[in-house]
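Report on the following structure.
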Amino acid sequence: MAKSNDIGQDDVSQVVILLDVNPYFWGRKSIESGSSGLTFNQFMQSVVLFVNSILLLNNLNEAAVVAFGTRSCRFVFNSKLQGRNDKLHSSPSSRLLKHIDEFLNTEDALPTSMEQTNINESSLLSGALSLALCYIQRTLKSGQPHPQPRVLCLQCKSDAPQQYVAIMNAVFSAQRSMIPIDTCAVGTEHSAFLQQAAHITGGIYMKPSMPEGIFQYLTVVFATDLHSRRFLQLPRPAGVDFRASCFCHKKTIDMGYICSVCLSIFCKKRSSCSTCGANFSQRQPTSIGLKRKSATITLS
């Protein structure tokens, strides 16, 4: 029987929430607001209530929130630093909402060029995911008993193909450290990147059919700890979109060319790899190579 102060028990969770506050989606800089049936105030209030739920489920639970927009990402809440007597409140004037507003004002003040306008419309998911994994790794390597870590990503904007490599590197790092990545696509489209992240790390992927009820989805599906999930029938996606993005044009492709040295993916045939510099020789195989190949086929 685990002691009440033993933080190593299997039902204690450390949840790092990645919060997409992209202003292009939520209507501060475009007309996409309301396309998902969910306003920014409703979304933030649901997140605040969900964080409170995590902290109330177990007195040893920890929760942290990383906000990411178009050009930056940073921690806006950490229960481990705030203290147990300074929990969040569901009112719009809570500490988390204040830090979110400060984050948005800071990001609006960041300089940008005209060439980066279209690129900056996408959310910086790769940076937020890397920041969350670094924070969790520091906890894992502290040498002290710690809660079971997991990541919950709430993405609103559609996938950014130019971030595919960075996101996949972070996903494989999470898989190696056995850190599940739960994902929730709040926008109007399914996210292939989030599907792959949840599938590879053993997390949960969901796209709510009624985004305005996001709080119910969060509490019923994503609030459960890793130990309790063994006894629950949680939703699973019908399929996973495994399409990758090419390294040359950063576009999602169904078929492409792969470098045999570094496994870079290209949408068109190339004479050399732009990633590792490998030269793709066009020489015809020698007769010895043909004999060896035919012999191999015969033996098989």
Side-chain angles (χ1 to χ4, degrees), residues 14-29 40-41 43-52 54-55 61-83 86-89 92-113 116-117 119-142 147 149-157 159-160 162-163 166-167 169-171 173-174 177 179 181-184 186-187 191 193-194 197 218 222:
Q14 181 189 51
V15 185
V16 182
I17 304 172
L18 309 184
L19 202 59
D20 188 356
V21 293
N22 190 321
Y24 290 96
F25 178 85
W26 293 112
R28 295 184 61 176
K29 293 184 179 180
F40 183 71
N41 289 335
F43 177 66
M44 288 306 308
Q45 290 178 4
S46 299
V47 172
V48 170
L49 293 175
F50 173 69
V51 173
N52 269 331
I54 293 294
L55 299 178
N61 281 351
E62 298 177 5
V65 180
V66 178
F68 64 99
T70 57
R71 282 164 283 177
S72 61
C73 57
R74 74 177 183 187
F75 280 93
V76 293
F77 177 78
N78 191 337
S79 63
K80 191 175 182 180
L81 301 178
Q82 297 292 339
D86 190 21
K87 287 186 170 58
L88 293 173
H89 301 284
S93 59
S94 65
R95 187 182 302 272
L96 175 58
L97 296 177
K98 179 181 178 181
H99 290 171
I100 288 291
D101 188 62
E102 294 175 354
F103 171 78
L104 290 175
N105 292 333
T106 302
E107 187 171 79
D108 288 341
L110 293 176
T112 182
S113 60
Q116 296 176 335
T117 303
I119 298 178
N120 287 337
E121 291 183 0
S122 59
S123 300
L124 192 60
L125 174 60
S126 58
L129 189 56
S130 300
L131 187 62
L133 293 177
C134 289
Y135 171 74
I136 294 177
Q137 286 295 336
R138 185 172 59 182
T139 303
L140 296 177
K141 295 181 179 181
S142 62
R150 54 190 169 98
V151 177
L152 171 60
C153 178
L154 302 176
Q155 180 177 330
C156 304
K157 196 69 176 176
D159 292 333
Q162 64 271 13
Q163 299 183 39
I167 292 176
N169 287 338
V171 169
S173 177
S177 301
I179 303 174
I181 300 179
D182 298 330
T183 58
C184 181
V186 188
S191 171
F193 294 173
L194 296 187
L218 293 176
F222 298 106

Donor-acceptor pair, side chain of [X] and main chain of [Y], under 3.5 angstrom:
X    : Y    : value
S130 : G127 : no
T106 : E102 : yes
S191 : D159 : no

How far apart are the closest heavy atoms of [X] and [Y], and which atoms are they?
X    : Y    : result
D20  : F43  : O-CE2, 4.0 Å
L18  : A128 : CD2-O, 3.7 Å
V76  : F103 : CG1-CB, 4.4 Å
A160 : F193 : O-CE1, 3.3 Å
C73  : V66  : CB-CG1, 4.4 Å
P149 : I136 : CB-CG2, 3.5 Å

Value rounded to 0.5 Å, distance of [atom1] in [X] from [atom2] in [Y]:
X    : Y    : atom1 : atom2 : answer
Q162 : I167 : CD    : CD1   : 9.0 Å
I181 : C153 : CD1   : SG    : 8.5 Å
L133 : S177 : CG    : OG    : 7.5 Å
W26  : M44  : CH2   : CE    : 9.5 Å
L131 : S126 : CG    : OG    : 11.0 Å

With no hydrogens and no angle check, just 3.5 Å: does a side-chain donor-acceptor pair link S123 and Q163?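 No pair is found: no donor N or O on one side chain lies under 3.5 Å from an acceptor on the other.
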Could you tell me if the side chain of [Y] sits less than 4.5 Å from the side chain of [X], heavy atoms only?
X    : Y    : answer
L152 : V16  : no
C156 : N22  : no
Y24  : T70  : yes
L154 : L218 : yes
T183 : Q155 : no
L19  : I100 : yes
V171 : L129 : yes
Q137 : I179 : yes

Could you check, using the six-membered ring where one of them is a Trp, whether F222 and F50 have ring centers closer than 6.0 angstrom?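 Between F222 and F50, the centre distance exceeds or equals 6.0 Å.
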Positive for side chain to side chain contact (heavy atoms under 4.5 Å, CB included) with F77, one of V47, V51, V48: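 For F77, the side chain to side chain contact (heavy atoms under 4.5 Å, CB included) test succeeds with only one of V47, V51, V48, which is V51.
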Might you work through the ring pair (Phe, Tyr, Trp, His ring centres under 6.0 Å) test for F75 and Y135, ending with a clear yes or no? CA-CA 10 Å; F75 280 93; Y135 171 74; 5.2 Å; yes
Under a 4.0 Å threshold between the charged nitrogen and the carboxylate oxygen, would D182 count as salt-bridged to R150?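 Yes, this pair counts.
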Yes or no on side chain to side chain contact (heavy atoms under 4.5 Å, CB included) for N61 and Q14, after CA distance, side-chain angles and deciding distance? CA-CA 6 Å; N61 281 351; Q14 181 189 51; over 6 Å; no
